[in-house]
Amino acid sequence: MTLTPEQHQISIFTHDHLRKFRVGGGLGVCSQTVEVGYVRKRKRSPSVEAPHMCEDGYRLIVTLICQFDTNMGTPSFLWNVCKSSFACGLIGLTISDRIASIVPVQGFSMSPTFNPYNSRPLGLFTDDHVLVEKHCLKDYKFSHGDVVVFCSPSSYKEKHIKRITAMPGDWISVPYSYDAVKIPEGHCWVEGDNPTNSLDSRSFGPIPLGLIRGRVTHILWPPQRVGKIDRKLPGGGLGF
Amino acid sequence: MRLWFGKWTAIAKESAGRAAIFAKFLCLLHVTNTYIFSPILVMHRFLNLMLCVSVYVVMVVEFSFQVYGPSMLPTLNLAGDVVLSEYISHRLGKVGPGDVVLIQSPENPRKIITKRIVAMEGEVVSFLVDPSRSDRSRTVVVPKGHVWIQGDNIYASNDSRNFGPIPYGLIQGKVCCRILSMIVDKEKHNLFRIDIGTVLAIAVPSTMS
């Protein structure tokens, strides 16, 4: 295998014990990143151009490519895949905990807002997928009309999506009954937009704010319904 | 020109690599502290100011902390304890009566309190309504999906006797053992005593159940 200096470029990035050699073009081998446990002190400059190490680096890279060709699919390749997927998992989990996540909405309890059509030909594909932001969990400041995701108070594994209609200190009149309830401190009253088909605070009472797991801000999935969710009260009035 | 450009590209690439490593480290820290275990500083409300610098450092490094009154007095110190809490068993539903748990307060969601679970869903609890004044007791059944929590010091504890049973979803973690307990000494200002592995999950005293 013969190489001429114009045919490729070598750039070297110093890590502490590893160096990454990127070899591009003209070799009959596509450009790949090879890691070697080979440290070569060269002052402190992080980059070395090709002509400087034409002789030495040249031979090194040729042998590296041969090694890489024969070692394709060895445990080190699998190890790299495992490492990168682990890192992706960590980052994804952190983002979904701290910033935002995407959840599908099932059921018709929020019917005019989510899942407005009663027919479900494809199940998961036609269900609405919504963006849930977790930033509000830092100080638990919510307002009337926010759509929130919360753990069901009767079963911690279930999550529900409902709209907050009353905040701590408000008086709310319970439907189908004549008494008013004062929402205790640190609790809120949640109701679905579809009152005929919704399991909400009318059956289990006010829920603690600590059960809330996020605030729904946007609809993401059915492409014709992508958009922001406005803050409104089920009575028809606008939120304030 | 080419050399200059290549140098800066290399520097940018290397710094991006370093930043990615740092971000991955922070993510790992977050996941460990949220899903596996973390040390927690449990301490009294009035000593808060004294320790606020260390608490700030602790918060920056993503350790959590909480404030509690004298409600867990025989088990946890008044001056403050560093305990190890784990976050696996409550997700699997493995916490039971007698476990010391971290709970988001139902009255103030920003506050996390430490109490002991006395009864799980469906169990019958009888408790003294006001133990310092009278012997009057009440009996309730814990509803589905809820737990009944009480402090170990029943005379000074704001727990389920005030706000009723709490939903299981408010449980944030289970306290495994004490790592460090802090004893306030009158002469020397603060004395830290290392006290590894004192298991806190002891049986429920008979006066409470």
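Below, chain A is the first sequence line, B the second, and so on; all start at residue 1.
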Between B:H30 and A:D97, is the side-chain contact (heavy atoms from CB on, under 4.5 Å) condition met? List the steps.
CA-CA 9 Å; B:H30 168 85; A:D97 272 356; 3.2 Å; yes
Between [atom1] of [X] and [atom2] of [Y], what distance do you get to the nearest 0.5 Å?
X	Y	atom1	atom2	result
A:S152	B:K144	OG	NZ	7.0 Å
A:L90	B:L26	CG	CG	11.5 Å
A:R98	B:T34	CZ	OG1	6.5 Å
B:K24	A:T94	NZ	OG1	12.5 Å
B:E107	A:L209	CD	CG	12.0 Å

Given a strict heavy-atom distance threshold of 4.5 Å, which part of A:P153 is in contact with chain B: side chain, backbone, both, or neither?
both
Less than 4.5 Å apart, side chain to side chain, heavy atoms only: is that true for B:L170 and A:P208?
yes
B:P143 versus A:S154: any side-chain heavy-atom pair under 4.5 Å?
no
Check the pair A:L211, B:Y168 against side-chain contact (heavy atoms from CB on, under 4.5 Å), reporting the backbone distance first and the verdict last.
CA-CA 9 Å; A:L211 287 179; B:Y168 189 94; over 6 Å; no
Which residue out of B:P167, B:S105, B:P109, B:G169 racks up the most heavy-atom pairs below 4.5 Å with chain A?
B:P109
In terms of heavy-atom contacts, does CZ of B:F163 have more than 12 from other residues, nucleotides or ligands at under 6.0 Å?
yes
Is it true that atom CG of B:D135 has more than 12 heavy atoms of other residues, nucleotides or ligands lying nearer than 6.0 Å?
no
List the atom of B:L28, the atom of A:F86, and the distance in Å for their closest heavy-atom pair.
CD1-CZ, 4.4 Å
Can you see which heavy atom on B:R110 is nearest to which on A:K138, and at what distance?
CG-O, 4.5 Å
Would you please test B:H146 and A:Y156 for side-chain contact (heavy atoms from CB on, under 4.5 Å) and show each step?
CA-CA 9 Å; B:H146 286 63; A:Y156 70 101; over 6 Å; no
